[in-house]
Colleague: 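Have a look at the structure that comes next, please.
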Amino acid sequence: MIKFDWKGVFPAVTTKFTANDELDFDAFDKNLNAQMEAGVNGFVLGGSLGEASVLSDEERFALLAHTIKFVDGQIPVLLNIAEQTTKAAIALAQKALDLGADGLMALPPMRYNADTYETLTYFGAIAKSTPLPIMIYNNPVDYKIEVTLDMFEELAAYDNIQAVKESTRNVSNVTRMINRFGDRFKIMTGVDPLAMESLVMGADGWIAGLVDAFPKETVAIYRLVKAGRIAEALAIYRWFLPVLELDIHPKLVQYIKLAEVATGIGTETVRAPRLILQGAERAQVQKIIDDALAVRPVLPAGSWGKLSEVTA
């Protein structure tokens with residue numbers, strides 16, 4: 001079984017497109033490079049923020065193969081599974097292994113509102129089909145299926161189901177998971193505006209969205225919290241919160257891509273039916289981003305970077 005540490009900041013990367021609606025690997029690489037320079041700990045490809053629902057399998061595999069080559073073994077690369085059928089999910093997991101992925105993030109069945117037994121069977125089938133480590137994405141707010149603690153009790157039978165992307169929006173769930181399972185499941189907070197709270201309560205890492213535009217600040221918050229330097233982390237987090245709240249809007253893809261443009265490490269091109277922001281909505285989001293950039297904080301030494309370590 002492939003192993004890596006479920007800790008640190010894992011960007012849920014956006015997918016870059018050209019004006020001709022093709023994958024834009026040049027823009028993609030520019031963003032990946034900025035993330036790695038900031039010191040992120042892994043990448044998650046093809047998630048909601050990566051516009052998974054409008055990517056073909058061929059595009060997903062091209063992004064995966066490209067990213068694996070780009071990182072050259074320095075950090076793990078995970079592929080998201082968000083499928084309507086168990087058969088398709090298993091095929092995607094097997095292809096990810098063939099291409100060299102380090103792990104998977106798995107959502108419950110898409111579109112169909114599976115019951116508890118069906119959801120557990122679905123996750124179990126994926127786990128049995130691959131040796132890859134799996135992180136369960138628990139987001140009942142957006143995907144309508146909650147993976148409860150009792151369900152995680154059943155999923156503990158699969159050694160390669162190792163982590164959860166905790167996106168229930170209930171910070172207490174971090175403590176509930178730890179009280180029930182100890183460190184059996186690593187906890188990766190998945191809601192940007194609740195990230196620091198979750199990290200303080202014991203989450204191991206952060207599957208982040210606004211990191212795509214602000215990689216250094218995101219890494220700094222994580223490292224400072226884990227070093228016990230809460231006041232310093234909190235100062236950055238309070239500055240960051242209005243921007244982080246862009247992560248919980250239905251148009252999070254457009255909002256975060258606009259932020260990437262503002263920080264010079266992305267493009268705002270999206271794939272239809274999504275459209276580039278216009279009018280008053282665009283002006284409102286741009287103002288949030290511009291207001292943050294106008295007072296962007298100076299980060300503590302050693303709080304970001306490939307080789308940096310924050311000390312207590």
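Note that these values count all heavy atoms, side chains included, but never hydrogens, waters or copies made by symmetry.
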Colleague: Check side-chain hydrogen bond (donor to acceptor under 3.5 Å, both in side chains) between T119 and all other residues, then give those that pass, not counting sequence neighbours.
Modeller: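 If we apply the side-chain hydrogen bond (donor to acceptor under 3.5 Å, both in side chains) test to T119, skipping adjacent residues, there are no hits.
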Colleague: Would you check if the side chain of D24 reaches a backbone N or O of K16 as a donor-acceptor pair within less than 3.5 Å?
Modeller: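 Between the backbone of K16 and the side chain of D24 there is no qualifying donor-acceptor contact (under 3.5 Å).
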Colleague: Between R176 and L149, is there a donor-acceptor pair closer than 3.5 Å when you use the side chain of the first and the backbone of the second?
Modeller: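 Not at all, since once roles are kept as given, no pair shorter than 3.5 Å links the two residues.
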Colleague: With a 4.5 Å limit on heavy-atom distance, are the side chains of M135 and L104 in contact?
Modeller: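 No. Closest side-chain heavy atoms not under 4.5 Å.
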Colleague: So, the side chain of Y222 versus the backbone of D204: is there a donor-acceptor pair under 3.5 Å, distance only?
Modeller: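 Here the side-chain-to-backbone pair exists.
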Colleague: Kindly work out whether a path of hydrophobic side-chain contacts (I/L/V/M/F/W/Y, heavy atoms less than 4.5 Å apart) joins I145 to M177.
Modeller: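 Different clusters.
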Colleague: Could you grab the distance from atom OG of S48 to atom CG of L252, nearest 0.5 Å is fine?
Modeller: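 Reported value, rounded in 0.5 Å steps: 7.5 Å.
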Colleague: Quick one: closest heavy-atom pair of E268 and K257, and the distance?
Modeller: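 Minimum heavy-atom contact is CA-CB, 3.9 Å.
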Colleague: Start with the C-alpha distance between T148 and E153, add both sets of side-chain angles, then the distance that settles side-chain contact (heavy atoms from CB on, under 4.5 Å), and finish with yes or no.
Modeller: CA-CA 9 Å; T148 65; E153 191 77 56; over 6 Å; no
Colleague: Measuring from K226:NZ to L199:CG, what's the distance to the nearest 0.5 Å?
Modeller: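 K226 atom NZ to L199 atom CG measures 5.5 Å (nearest 0.5 Å).
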Colleague: Are there more than 12 heavy atoms of other residues, nucleotides or ligands under 6.0 Å from atom CD of Q284?
Modeller: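 Open: at most 12 neighbouring heavy atoms sit under 6.0 Å from CD of Q284.
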Colleague: Measuring centre to centre across the rings, with the benzene-like ring taken for any Trp, is F152 within less than 6.0 Å of F185?
Modeller: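 Yes, close enough.
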Colleague: Side chains of E260 and T14: is there a donor and an acceptor less than 3.5 Å apart?
Modeller: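 On atom types as modelled, these side chains qualify, holding a pair under 3.5 Å.
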Colleague: Is a donor on one side and an acceptor on the other found under 3.5 Å between the side chain of N160 and the backbone of T130?
Modeller: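 Checked: pair present.
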Colleague: Going through the distances and angles, do R229 and E232 end up as a side-chain contact (heavy atoms from CB on, under 4.5 Å)?
Modeller: CA-CA 6 Å; R229 293 165 58 177; E232 292 170 278; 2.6 Å; yes
Colleague: Indicate yes or no: at least one non-hydrogen side-chain atom of E22 is less than 4.5 angstrom from one of F17.
Modeller: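 Counting from C-beta outward, E22 and F17 never come under 4.5 Å.
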Colleague: Pick out which of V164, T168, I136 makes a side-chain contact (heavy atoms from CB on, under 4.5 Å) with V147.
Modeller: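 So, applying the side-chain contact (heavy atoms from CB on, under 4.5 Å) to V147 and each of V164, T168, I136, only I136 qualifies.
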Colleague: Can you give me the closest heavy-atom contact between N80 and L92, atom names plus distance?
Modeller: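 Heavy atoms only, the tightest pair is O-CD2, 3.7 Å.
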Colleague: Shared ILVMFWY cluster between L99 and I90, side chains joined below 4.5 angstrom?
Modeller: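 No, it is not one cluster - the side chains of L99 and I90 are not joined through contacts under 4.5 Å.
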Colleague: Which pairs, with at least one residue in residues 120-149 and sequence neighbours excluded, count as a ring pair (Phe, Tyr, Trp, His ring centres under 6.0 Å)?
Modeller: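 Qualifying pairs: Y137-Y143.
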Colleague: Specify whether F25 and F28 have parallel, tilted or perpendicular ring planes, treating 30° as the upper limit for parallel and 60° as the lower limit for perpendicular.
Modeller: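 F25 vs F28 ring planes: perpendicular.
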Colleague: Between R282 and I276, is any pair of side-chain heavy atoms under 4.5 Å apart?
Modeller: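 They are in side-chain contact.
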Colleague: Run the side chain to side chain donor-acceptor pair (under 3.5 Å) check on E154 and Y117 step by step: do they pass?
Modeller: CA-CA 10 Å; E154 299 291 327; Y117 175 68; over 6 Å; no
Colleague: Do E197 and Y237 pair up side chain to side chain, a donor and an acceptor below 3.5 Å, judged on atom types alone?
Modeller: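 Yes.
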Colleague: Is the shortest heavy-atom distance from the side chain of L246 to the side chain of I289 under 4.5 Å?
Modeller: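 Yes, at least one pair of side-chain atoms sits under 4.5 Å.
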Colleague: I need the minimum non-hydrogen distance between R169 and D142, along with the two atoms involved.
Modeller: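 Looking at all heavy atoms of both residues, the shortest contact is NH2-OD2, 3.6 Å.
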Colleague: I need the minimum non-hydrogen distance between V9 and V40, along with the two atoms involved.
Modeller: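 Taking every non-hydrogen atom into account, O-CB, 3.5 Å.
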Colleague: Show your working on side-chain contact (heavy atoms from CB on, under 4.5 Å) between R274 and Q254 and close with a plain yes or no.
Modeller: CA-CA 8 Å; R274 288 184 179 88; Q254 291 96 314; 3.7 Å; yes
Colleague: For the pair R271 (side chain) and V54 (backbone), establish whether a donor and an acceptor sit closer than 3.5 Å, ignoring hydrogens and angles.
Modeller: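 Checking the backbone N and O of V54 against the side chain of R271, a donor-acceptor pair under 3.5 Å is found.
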Colleague: May I have the step-by-step check of salt bridge (Lys or Arg N to Asp or Glu O under 4.0 Å) for K95 and D98, ending in yes or no?
Modeller: CA-CA 5 Å; K95 183 67 173 181; D98 292 343; 5.6 Å; no
Colleague: Are N31 and Q35 linked by a side-chain donor-acceptor pair shorter than 3.5 Å?
Modeller: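 Yes - a donor-acceptor pair under 3.5 Å links their side chains.
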Colleague: Would a distance-only check, ignoring hydrogens and angles, find a side-chain to backbone donor-acceptor pair under 3.5 Å from T15 to G50?
Modeller: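 Yes; at least one donor-acceptor contact below 3.5 Å.
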Colleague: Please find the pair of heavy atoms, one from P300 and one from I236, that lie closest to each other, and give the distance.
Modeller: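 What the structure gives for the nearest pair is CD-CD1, 4.1 Å.
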Colleague: Are Y255 and H249 close enough, and set up right, to give a side-chain contact (heavy atoms from CB on, under 4.5 Å), and what steps lead you there?
Modeller: CA-CA 8 Å; Y255 289 4; H249 190 277; 3.2 Å; yes
Colleague: More than 12 foreign heavy atoms under 6.0 Å from CZ of R180: is that the case here?
Modeller: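 Above 12, so yes.
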Colleague: For the residue pair N170 / N173, report whether a side-chain donor-acceptor contact shorter than 3.5 Å exists.
Modeller: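 There is no such pair (donor and acceptor under 3.5 Å, judged by atom type) between the side chains of N173 and N170.
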Colleague: Is the shortest heavy-atom distance from the side chain of M201 to the side chain of M196 under 4.5 Å?
Modeller: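 Sidechains of M196 and M201: no contact.
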Colleague: Is there a path from L275 to V285 through hydrophobic residues (I, L, V, M, F, W, Y) whose side chains come within less than 4.5 Å of each other?
Modeller: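 L275 does not cluster with V285.
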Colleague: Quick one: are S129 and Q94 in side-chain contact, heavy atoms under 4.5 Å?
Modeller: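 Yes, their side chains come closer than 4.5 Å.
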Colleague: Evaluate the ring planes of F240 and F214, with Trp represented by its six-membered ring, and classify them as parallel (under 30°), tilted (30 to 60°) or perpendicular (over 60°).
Modeller: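 It falls in the perpendicular class, over 60°.
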Colleague: In a check of side chain to side chain donor-acceptor pair (under 3.5 Å) between W206 and each of D192, T218, N41, which one passes?
Modeller: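 Going through D192, T218, N41 one by one, the side chain to side chain donor-acceptor pair (under 3.5 Å) with W206 is satisfied by D192 alone.
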Colleague: State which residues pass side-chain hydrogen bond (donor to acceptor under 3.5 Å, both in side chains) with E245; sequence neighbours excluded, sorted by chain then number.
Modeller: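 Checked E245 against side-chain hydrogen bond (donor to acceptor under 3.5 Å, both in side chains); zero matches.
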Colleague: Can K128 be said to sit on top of Y158's aromatic six-ring, NZ or CZ under 6.0 Å from centre and within 45° of the ring axis?
Modeller: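 That pair does not qualify as a cation-pi contact.
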Colleague: Tell me whether L155 is reachable from I126 by hopping between hydrophobic residues (I, L, V, M, F, W, Y) whose side-chain heavy atoms are closer than 4.5 Å.
Modeller: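 Hydrophobic grouping puts I126 with L155.
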Colleague: Do Q162 and W6 have side-chain heavy atoms sitting under 4.5 Å apart?
Modeller: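 The answer is yes; the side chains approach within 4.5 Å.
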Colleague: Measure across L63 and L45 and return the closest heavy-atom pair with its distance rounded to 0.1 Å.
Modeller: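 Residues L63 and L45, closest heavy atoms: O-CD1, 3.7 Å.
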Colleague: Linking I/L/V/M/F/W/Y whenever any side-chain heavy atoms sit under 4.5 Å apart, do V171 and L241 land together?
Modeller: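 Yes; L241 is reachable from V171 via cluster members.
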Colleague: So does K30 have more than 12 non-hydrogen atoms from other groups sitting under 6.0 Å from NZ?
Modeller: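 No, not enclosed.
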Colleague: Taking the side chain as everything from C-beta on, heavy atoms only, tell me whether W304 gets closer than 4.5 Å to E217.
Modeller: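 Answer no - side chains too far apart.
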